[in-house]
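Okay, structure first, notes after.
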Amino acid sequence: MLTKFSLTKDQKKLAVCMAITFVVSFILNHYSHFIGDAFNYHFSFATGERLTGLGSVIESMKAHYRSWSGRTYPHFFLQLILANAHGEEIYNVLNAIVYTIFGALLYFHGNLKEKFNGVLYWSVHFILWLLIPWYGMMFFTEACSVNYVWGTTLMLAVLLVYRYDQMGVCTFSGAARTIGITILSALAGGFSENSSAACILVQGLFVLYYIYRKRKVPVWSITAIISGLISWLILILAPGNQARLSLYQDDTPFLIKYAGRLAACIDATKTHCAKLVIAFIILFVLCWYYRKQKELLVSACLVFLGGLASNYALIGTPYIETRAMFGPIVFMFAACLMLAGGLFQTQWKPALMAAGGIITFYFCIWFTFGVMDIMNIHVLFMQRQNYIYEQKAMGNLDITTYAIQSRTKYTGCADTSDLIPDSTNWTNAGMASYYGVNSISIDDYKGQ
């Protein structure tokens, strides 16, 4: 006899909001296009030939691990998608699903209870639109989204398990759940050098807190840390990482070099995380006033520390890419959401509702600008692509066209053009290989 499945009123509201999120995300993905690394990832790192299926992807990843990077997990998924003839359409659907889950996980971190909080749910997405630097590159372009958004989604899921247990909302036991959480943590551990390490650190801090509170340490909490650490070590110890680092020769004395890198980390915190730090301090003080929020304060602090650790772990890199700040920003944002969610249960709810209204106002303005820019870039991209195909059909394999640069941060070519004058540069060469021509040069810039 089949068991009747039904959703509560709050679950239905959440499901509707997630469906809307998916549809909007899918549409925005559909009107965004390949850029930069996405063209190059259509080809095998082993042979340089176009990927043809699972076997070619596996061989590509072996070469990739030896010569380029330890990010085998994200790049395997990326190349497996792009190896399909309908890779772009498949990616658009999968990326919209992942983004919907990503936003839902952030919401769950802020609202562990079943009662639906519409203001908090939509504030998550509206703030992301306003907060994340290079939004279009991070959420729409294939290489960045799979590396950073997909990986951080796994990390948020792992940490949510610890939070559910620590806050007493749900306990996890049994072999099946232990295996599932362990596998989830193993995947999260292999996505990002700095953010995966921070996630493992936060997991360890939760375990230490269990010990401090003289609570029984769950078996899954230990196996998850071990599996995540193993994946992270596989990521970090890849020969390809050393090969890439060898490209950046720096003979600066050790202390001076790392003092400069520390200064770069501090500057990155000020540039990208200052608002989150201020928001966290304010929310923390307000929650501290309500002593019953002790467990909430602890978990928020642990996740916030993970954000800081993820940022300062970048001291090991020669220079800090803006996209590498995605993990630190998301960790800190999640910590702020935890505290804000707690304050919805206090007299500060009206103030939070008012803040949500202000955020919505600014979001509507910038969402309009962003969508207009995305559509403008879409038209330019399609016109250029059609021109390349026309020239190729006429026998011209050395194409001269225009580069695209957007007005806002909501496309993949924000703050930079997608092509440069040097036709031998990897960006131009990758696009030329994708379209099957000898070279692509530019004589103009459009879209600014």
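Residues: numbered from 1 along the sequence shown.
- The shortest side-chain heavy-atom distance between Glu89 and His30 does not fall under the 4.5 Å cut-off.
- Taking the centre of each ring, Phe34 and His42 come in below the 6.0 Å mark.
- In summary, Arg384 and Asp418 engage in a salt bridge, as defined by a charged side-chain N under 4.0 Å from a carboxylate O.
- Minimum heavy-atom separation, Gly190 to Pro74: O-CD, 3.8 Å.
- Relative ring orientation between Tyr435 and Phe39 is described as tilted, the plane-to-plane angle lying within the 30° to 60° band.
- Remark: side-chain polar atoms of Tyr107 are not paired, donor with acceptor, to backbone N or O of Leu337 under 3.5 angstrom.
- With Lys409 contributing its side chain and Leu130 its backbone, the two residues share a donor-acceptor pair below 3.5 Å.
- Checked by atom type, the side-chain pair Ser185/Gln203 shows a donor-acceptor distance below 3.5 Å.
- Side-chain contact annotation: His75 with Asn147, donor-acceptor N/O pair under 3.5 Å present.
- For the pair Arg261 and Tyr258, the cation-pi criterion (under 6.0 Å, within 45° of the ring axis) is fulfilled.
- Ile27 has its side chain within reach of Val23: a pair of non-hydrogen atoms, C-beta onward, lies under 4.5 Å apart.
- Between Asn40 and Gly36, the closest heavy-atom pair is ND2-O, 3.5 Å.
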ask   = Please walk me through it: do Met372 and Arg407 pass side chain to side chain contact (heavy atoms under 4.5 Å, CB included)?
value = CA-CA 10 Å; Met372 290 173 62; Arg407 301 186 182 96; over 6 Å; no
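- Aromatic ring pairs are classed by plane angle as parallel below 30°, tilted from 30° to 60° and perpendicular above 60°; the pair Tyr135 and Phe140 is perpendicular.
- Within a 6.0 Å sphere centred on CZ of Phe369, other residues, nucleotides and ligands contribute 12 heavy atoms or fewer.
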message = side-chain hydrogen bond (donor to acceptor under 3.5 Å, both in side chains) for Thr401 and Tyr387? Distances and angles first, verdict last.
response = CA-CA 8 Å; Thr401 183; Tyr387 173 76; over 6 Å; no
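- The two residues Thr427 and Leu419 come nearest to each other via the heavy atoms O-CD2, 4.1 Å.
- The backbone N or O of Ala143 sits nowhere less than 3.5 Å from a side-chain atom of Thr141 that would complete a donor-acceptor pair.
- When each of Phe361, Tyr362, Phe363, Tyr121 is tested with Phe126 by the rule ring pair (Phe, Tyr, Trp, His ring centres under 6.0 Å), just one qualifies, namely Phe363.
- Relative ring orientation between Tyr410 and Trp366 is described as tilted, the plane-to-plane angle lying within the 30° to 60° band.
- Side chains of Asn111 and Asn117: a donor-acceptor N/O pair is absent below 3.5 angstrom, by distance only.
- If you take CG on Leu120 and CD1 on Ile127, they are separated by 8.5 Å, rounding to the nearest 0.5 Å.
- By the 4.5 Å heavy-atom criterion applied to side chains, Tyr148 and Arg323 are counted as neighbours.
- The side-chain heavy atoms of Phe108 and Leu14, taken from C-beta on, include a pair separated by under 4.5 Å.
- Side-chain contact, Ser423 with Ser439: no donor N or O sits under 3.5 Å from an acceptor N or O.
- A distance-only check finds a donor-acceptor pair linking the side chain of Ser227 to the backbone of Thr182 [under 3.5 Å].
- For Tyr99 and Phe26, the gap between ring centers reaches or exceeds 6.0 Å.
- Here the side chains of Pro328 and Leu308 are not in contact, with every heavy-atom distance at 4.5 Å or above.
- Using modelled atom types, no side-chain atom of Asp267 and backbone atom of Ala263 make a donor-acceptor pair closer than 3.5 Å.
- Atom CG of Asn376 sits about 9.5 Å away from atom OG1 of Thr411, to the nearest 0.5 Å.
- Closest approach of Pro133 to Met138, counting heavy atoms only: O-CG, 3.7 Å.
- Defined by atom type and a distance below 3.5 Å, a donor-acceptor pair is present between the side-chain atoms of Ser60 and Gln79.
- Taking CZ of Phe326 as the reference point, atom NE2 of His272 lies at 13.0 Å (rounded to 0.5 Å).
- From Ile329, atom CD1 reaches atom CG of Leu128 across 10.0 Å, with rounding to the nearest 0.5 Å.
- A donor-acceptor contact under 3.5 angstrom links the side chains of Thr269 and Asn311, judged on distance only.
- The nearest pair of heavy atoms linking Val303 to Ala334 is CG1-CB, 4.3 Å.
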request  = Given side chain to side chain contact (heavy atoms under 4.5 Å, CB included), test Leu154 with Phe102 step by step and report yes or no.
outcome  = CA-CA 8 Å; Leu154 291 167; Phe102 171 76; over 6 Å; no
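- Looking only at distances, no side-chain donor or acceptor of Tyr73 sits under 3.5 Å from a matching main-chain atom of Gly189.
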key: Trace of the side chain to side chain contact (heavy atoms under 4.5 Å, CB included) decision for Met155 with Ser195   = CA-CA 8 Å; Met155 296 169 208; Ser195 297; 3.8 Å; yes
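- Met375 CE: more than 12 foreign heavy atoms inside a 6.0 Å radius.
- Judged purely by atom type and a 3.5 angstrom limit, Asn241 uses its side chain to pair as donor or acceptor with the backbone of Leu235.
- Rounding to the nearest 0.5 Å gives a distance of 5.0 Å between CG of Asn438 and CG of Leu397.
- In this structure, Trp150 and Tyr91 have parallel ring planes: the angle between them is below the 30° cut-off, well short of the 60° mark.
- A 4.5 Å side-chain heavy-atom check between Ile256 and Pro253 finds at least one atom pair inside the cut-off.
- Between the side chain of Asp10 and the backbone N or O of Lys115, no donor-acceptor pair lies under 3.5 Å.
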inquiry  = Please determine whether side-chain hydrogen bond (donor to acceptor under 3.5 Å, both in side chains) holds for the pair Ser310 and Asn194, giving the CA-CA distance in whole Å, both sets of side-chain angles, and the decisive distance to 0.1 Å.
reply    = CA-CA 5 Å; Ser310 182; Asn194 62 317; 3.1 Å; yes
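- Note that the OG atom of Ser417 and the OH atom of Tyr445 stand 4.5 Å from one another [nearest 0.5 Å].
- Between Arg163 and Met338, the closest side-chain pair of non-hydrogen atoms falls below 4.5 Å.
- Between the side chains of Thr21 and Thr100, not a single donor N or O lies within less than 3.5 Å of an accepting N or O.
- Across every non-hydrogen atom of Phe139 and Val149, the tightest pair is CD2-CG2, 3.7 Å.
- Taking the six-membered ring where tryptophan is involved, the planes of Phe367 and Trp129 are tilted, since the angle between them lies from 30° to 60°.
- Side-chain atoms of Asn396 and Asp398, non-hydrogen and from C-beta on, do get closer than 4.5 Å to each other.
- In this structure, the side chain of Asn428 engages the main chain of Ile420 through a donor-acceptor pair within 3.5 Å.
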Derivation and outcome, side chain to side chain contact (heavy atoms under 4.5 Å, CB included), residues Val24 and His125 = CA-CA 11 Å; Val24 174; His125 294 285; over 6 Å; no
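- Thr400 and Asp443 share no donor-acceptor pair across their side chains, judged by distance under 3.5 Å alone.
- For Ser231 (side chain) and Ala186 (main-chain N/O), a donor-acceptor pair under 3.5 Å exists by modelled atom type.
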